[in-house]
Amino acid sequence: MSTQREHGYWRSLETWAAGQVHEGAENEFPAGASEPEGLDLGRRDVLKLMGASLALAGAGTGCSVIRKPAETILPYAERPEDLIPGRPMYYATSACIAGSVTGMLVESHDGRPTKIEGNPRHPESNGGTGGFTQAEVLSLYDAERARTPSEGGAEKTLDDVREALEGAAGTLEAAGGAGLGLLVGHRPSPTFQRLLSEIRERFPQSRVYLHDPVHPASRREAAKLVGAEGMRPVLDLSRADVVACFDADLFGLEPGSVRNSRAFAEGRRLERPSDGMNRLYVAEPVPTVTGIWSDQRLRVSARKIQSLLGEVVMELAAQGARGGSGQVEVVEQLRAHGRDETLRAWARELAADLRAHPSTSVVVVGAGQPPAAQALGHLINEMIGAQRRVLAWRDDQVTEHDGGLVELASDLRDGTTTHLVALSVNAVHGTPSSLDMAGALATAEMSVSLSHLHDEMAEASAWHVPVSHFLESWGDWVTPTGETSVQQPLIAPLHSSLSEIEVLAILAGAKGKPRDWVQETAGLDDDSGENAWRKMLHDCIGRADARQSPRRIRPRWNELAVALAEPPQPSSKLELVAPLSSTLLDGRYATNGWLQELPDPITKLTWGQAALMSPATARHLGVGRVERGVQVNRVEKGLLHGDVVRLERGETWVEVPALIVPGVADGTVCLTRGYGRHLPSVEMGANEQGVDVGLFFEAGAPSFLVGVSGTPTGGSELLATTQERGTLVEPLRTAPSQTAPRVRDNIIRETELAEYLQHPDFVKELDVMPEERLHSLWEEPNPVDGHQWGMAVDLTTCYGCSACVIACQAENNIPVVGKDQVLLGREMHWVRVDRYYSGDWDDPTLSTQPVSCMHCENAPCEQVCPVAATVHSPEGTNDMAYNRCIGTRYCANNCPYKVRRFNYFNFAGRNHDDNELLALQSNPDVTVRFRGVIEKCTYCVQRIQAAKIDAKVNGDGIVADGDIKPACGQCCPTDSIAFGNLNDPNSRVSRLKARQSNYGVLTELNTQPRTTYLGRVRNPNPRLG
Amino acid sequence: MATQVPPIDPVDGRAPLVEGGHDFHSLTEVVMKPCEQGPPGKQWWWLLGTGIALLGVLGVSVAYLIWEGVGIWGLNNPVGWGWAIVNFVFWIGIGHAGTLISAILFLFRQKWRTSINRFAEAMTLFAVVCALLFPSIHVGRVWLLYYPLPIPNQMGMWPNFRSPLLWDVFAVSIYGTVSLLFWYTGLVPDLATLRDRAKNKIARLAYGFFSLGWTGSTRHWVNYERAYLILAALSTPLVLSVHSIVSFDFAVSQLPGWHTTILPPYFVAGAVFSGFAMVMTLMIIARKFFGLEQIVTMRHFENMVKIMMLTGMIVGYAYAMEFFIAWYSGSEMEWFTFVNRAFGNYAWAYWTMVICNVVSPQIFWIRKFRYNIPLLFVFSIIVNIGMWFERFVIVVISLSRDFLPSSWDYYSPTFWDVSCFLGSFGLFFTLMCLFVRFAPMVALSEVKAVMPQADPHHH
């Protein structure tokens, strides 16, 4: 009624001034006059009041969350060109993620990046991405991201930062830049390097320090040791027949894993049984995804890797392989240390196999191994002629630098460096306690830390500046093979942040805008380059950099022989191995909920860290308990209790829960890096989570060390695993326990190549009920018209990297549930990657299988839903109508694959409450589910519909094969997931399903799953048994 | 009170059903006492108080449940059904004895039923109320609970008639309705008696309203007898069908341990077993409190124990047969499920069930024990515990470990699981207390009809 003042006519100033227009005077027959006096309420008011009182009485604020929030729709007055509301735009960009330059296509809805996809044109992606890349879009909207610059805790503006940096630069310039230090990571970026060299010109006395946990100095030292300074070997595994990894997670955490795994997978597609197959040897102390993929895995402690490599060199030499000058001295030196009989047989057979495939075999040694071990790997590669086809020495793209952390610490302490600018490098967390970087930083006159979070480094520095995400800033990158790719922003910076090159530009005194610098670096800043620049922006890939072309080198081995002079020290004490975390990397993803909740591919551990050890080591330490003669984890009532052990070496000690993992070398304890963060501004679970294993390691040391002692403290901690909640004993097929029925051999079906060649249909032998004996009581609908969707997963090329889990989470708005809910068994992932062991207790074979909704033709879930909320589409997909679901969970109970997930709480709402920015990441094409409903894989039905609409608008309505890629299949680095129309006999999925190795899981239940698997074929060396 | 060897009923030559030489009037006095003379002592207040307190616990638990989501229970991904469904089946099972006693024994002309049938029917009704509570609150979105009902709606959506849960909706609601009608029909003559004897206006009006103008005319009696017979005939198949259909929730699914054809008879036998146990528990208390020893005699208890021994052994047979079939089927998954039940990480629950349900009834082969009231009381509670565990074993153990070992998990109840279950007892006892206070707990008119005086011919 008061609105009448705004909209109605008024009669006089008096009535206007009175504010309340008198109904009686305004209207002879006012609305509601027939209603009782004193209750001056219209029908709508009554309803409103009722609604309000119900809301107060019942669900209160909850109700307002349940219902759609009121929103205002503002149409464009002038629509930007090409922008159709509701249709996403895709932009090509690239970035250096987890140490790898990656090309990607980023989906943007109304200006918000929502999903990162692989870029098929980019040689580092080939359409696939790793899990970190998929999770980066969440980092963009990270609630914990620093939002404003600060100095000593006081908020500042970016202008203050510029002023401070320019002021410092002005002061330092007079002395030639003496005192200026820059701490940088591995940045294969032309513009970055150009600006850095401009800084060096302006400040000749300045010093650059390099620290990058993903690209440790040992790689460069190993190259230097063999006379290939400034070079590094880059692999082309598409031609490789034999690949041997020594403590190298080639397809997991090693940079370039996406390119390498795709190339390697090409050698094991087995389109025809006669195609042949490459072979992967892995010798490693702790199982990795590379170990999962291996055909021949050797469980060996990290300290013995060098001896193993020595054995291989000796065997190769004995077999007559020649690797160049100095080899003889190396072999002599190795012989002098004596031979290790336990490794000899394996080394001999590997050497023979490498020799048998000259120039198509290659060995890779992990960066965590000492330079001498890596140099031995280079020697082997030279002896087997790897350089001829599968390996190329290229520029190592390393920033020219004056030192690393050790030099930085001493320079800070002695006053050589007084002004330090750190560009997204955390020198405090994960670094040795002996360096006391925080103390060293405190001595600087001015220290500026550019970083994603207000982290340990920011705390130790005077200034902290938030760094722009790559989706917010310009940049450029060079792939290991030399292609330039551009990084273009999709969104203006969300917070007051600067990119690394912007900070460099301030110091270099460069004028203009980041885009201009990148364009200028590419040499495309004049009019003639406009077309090339536009094409580069479109494809993200530019021309190759000539400096990066392969160079044939002749390594020398004399220095290696000298380096090998010191014999390896035997030790009976424990060995501590500290690889990067497969989910948090070096800790930079500690605030990324998707990655925190991503089960580790091997341990299936989420939200935390554990000391991994073999059953024998556990028995030795007195950890866990004995069940049927085997040392197992203590699983009580579905909760895995990790016995806390105290790991000690000298002054340094940590206390961590232990997790017994078959396949870890005996005498080895593994603690991943990236934990034990101390983030003062962060409230979520990242803090106080695990321990910082970096404290144990000297700067530049290998990532393992010997001489650690372990003692159980008597305490225990709960570990949130997504598998083995029920037990650890039964899933091992040949475990001493007989309670696991043999029938479960047919969930993952695998065989060896020799067997496969004789029986390409080996999977059929494992059928409990052959297809012809499965009868139905009624005539089954078998639609043959139109599209019939199906999926095939090639287990031979799936190695459990888990990128699909994150991709699905990003695409389908899947909430993060948190550690307490994972402990309760309520994680929401639509795709899970099951991991099973087979074989020995101590030294098992690992197998993985991604499992999501199978879209059964004869779906048990559909039958039992009382409200028909899950129904079959005419195209064969099993659809969920969230609006119809009342949450009886009967479907989940009746699903034999247990792929249905229930929203036990309002998980999505909780996520959005924790992080209001998360709404920007949500995919508008996918419903955000409220509590109380079941959800599950939809085959990315939103993508199917989009492609069908396109096909209908632009053609005959038939979707071409490959036009639809579900999120899991799109990102799969090895392209192991094929999706398409089963009615098209030429579609990739039809061709895969036509193979004899095609099988369905639990088909004896006559569920007729639309998702099937191609049995896993391994190619072990028959002579190694 | 005559505690010596009771005289022989002159009509049918057996021990009389009502002891103590009651005539019609003294019987009326005994039965109507709690309704007419106010709260029957302190114990009743205590029981009602406890019931209301527990009902409060239920209220708080359900409110919190609806506010927060079913995640407050201990459910997880493989185990989507936990205590709520266990409790549902448990209460539905208890709700079996009443109709069985009233309807089936009525059709079989078992005259001894008359002393306990009213009480058992009331128990049935309240048990069904408790049972209905659980499936209603266990769904994820309680506010859409009407979706499974076949109500014409703007969405043009029918429920899914293939779903056993929908069959459940029909079976349980029909059972509840018919049980209510049956119970109420039987009450009418007794309510009229209460009306006639009422000394205050409110009681007279209230009982008058509910006795539907009963005058006791021959025509009324004829119609009443006819109606009662029809309702008995209608209820009889329902006794068998409702728990059969509840068992379909499990039998129609394909989960090993659920997917067995033995479930319907097994569930019905189990339901009768647990229903009689609950009748016995409550009857022993009520008989003591209200001095009904001469109406509900040891003979009633002996008969009930015999039925429980029979159904207990049927249940035991079913346990054994499940094992046998699991082995005989040759399905290794099925075999695993049963081995896991008996020897897996829930073995304690399985053996609790076996000891309570199969072993404990065997002591009643000895006659002396059948006449030992304290022993019977303890036994009836043991059976109820055992039958609750039976449902737990079926629901939870089967779900916790099924086909793909990667998904296995363990289910532990939370505080809220327990509070909802305890709270449902609050609802049950509150209703029970109100019933014994305001309605005749013995079917007076029917008991009178089986007394020798009702058949006064001379031989």
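Per chain, numbering begins at 1; letters A, B, ... match sequence-line order. Note that the structure is predicted; figures quoted are calculated from it, not measured. What's counted below: heavy atoms across the whole structure, side chains too, no hydrogens, waters or symmetry copies.
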Please classify the contact between B:Ile72 and chain A as side chain, backbone, both or neither, with a heavy-atom cut-off of under 4.5 Å.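 Both parts, heavy atoms under 4.5 Å.
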Side chain / backbone / both / neither for B:Phe250 at chain A, heavy atoms under 4.5 Å: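 The backbone, not the side chain.
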Chain B interface, residue from [options] that has the most non-hydrogen pairs under 4.5 Å:
options                                : result
A:Arg835, A:Gln863, A:Arg832           : A:Gln863
A:Tyr897, A:Phe902, A:Phe905, A:Tyr890 : A:Tyr890
A:Gly887, A:Ala869, A:Pro866           : A:Pro866

Stepwise side-chain contact (heavy atoms from CB on, under 4.5 Å) check, A:Arg889 with B:Leu75: CA-CA 10 Å; A:Arg889 306 184 289 288; B:Leu75 302 167; 3.3 Å; yes
Please confirm whether the backbone N or O of B:Arg141 pairs with a side-chain atom of A:Arg931, one donor and one acceptor, at under 3.5 Å?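 Not at all, since once roles are kept as given, no pair shorter than 3.5 Å links the two residues.
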Donor-acceptor under 3.5 Å (B:Asn160 side chain, A:Cys865 main chain):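 Judged by distance alone, yes, a pair lies under 3.5 Å.
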Looking at chain A, which one of [options] has the largest number of heavy-atom pairs inside 4.5 Å, strictly under?
options                                : value
B:Val252, B:Val139, B:Val79            : B:Val139
B:Ser253, B:Pro159, B:Ser400, B:Ser398 : B:Ser253
B:Leu149, B:Asp249, B:Leu145           : B:Asp249

Any chance you could lay out the side-chain contact (heavy atoms from CB on, under 4.5 Å) test for B:Leu404 and A:Leu1002, step after step, and finish with the verdict? CA-CA 9 Å; B:Leu404 301 190; A:Leu1002 301 176; 4.2 Å; yes
Cationic tip of A:Arg884 within the cone over B:Tyr147's six-membered ring, i.e. under 6.0 Å and within 45° of the normal?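 Checked: cation-pi criterion met.
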Count the heavy atoms of every other residue, nucleotide or ligand shown that sit under 6.0 Å from OH of B:Tyr328, and state whether that count exceeds 12.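 No.
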For side-chain contact (heavy atoms from CB on, under 4.5 Å), just list the numbers for A:Val867 and B:Trp158, CA-CA rounded to whole Å, side-chain angles, deciding distance to a tenth of an Å, and then say yes or no. CA-CA 7 Å; A:Val867 293; B:Trp158 284 106; over 6 Å; no
Nearest heavy atoms of [X] and [Y], plus distance in Å:
X        : Y        : answer
B:Leu144 : A:Cys885 : CD1-O, 4.3 Å
A:Lys898 : B:Asp402 : NZ-OD2, 3.0 Å
A:Tyr836 : B:Pro405 : OH-CD, 3.7 Å

In Å, rounded to the nearest 0.5 Å, how long is the span from [atom1] of [X] to [atom2] of [Y]?
X        : Y         : atom1 : atom2 : result
B:Phe403 : A:Glu1004 : CZ    : CD    : 7.5 Å
B:Glu68  : A:Asn906  : CD    : CG    : 9.5 Å
B:Ser331 : A:Met769  : OG    : CE    : 8.5 Å
B:Ser412 : A:Leu824  : OG    : CG    : 8.5 Å
B:Asn77  : A:Glu827  : CG    : CD    : 6.0 Å

Give the C-alpha distance, both sets of side-chain angles, the deciding distance and a yes or no for side-chain contact (heavy atoms from CB on, under 4.5 Å) between A:Gln849 and B:Ser406. CA-CA 10 Å; A:Gln849 182 177 40; B:Ser406 64; over 6 Å; no
Testing A:Asn893, A:Asn894, A:Thr1007 for side chain to side chain donor-acceptor pair (under 3.5 Å) with B:Gln254, which one passes?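 By the side chain to side chain donor-acceptor pair (under 3.5 Å) criterion, B:Gln254 pairs with just one of A:Asn893, A:Asn894, A:Thr1007: A:Asn894.
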Considering only heavy atoms, which portion of [X] lies under 4.5 Å from any heavy atom of chain B: side chain, backbone, both, or neither?
X         : value
A:Leu1005 : side chain
A:Pro896  : both
A:Val1001 : side chain

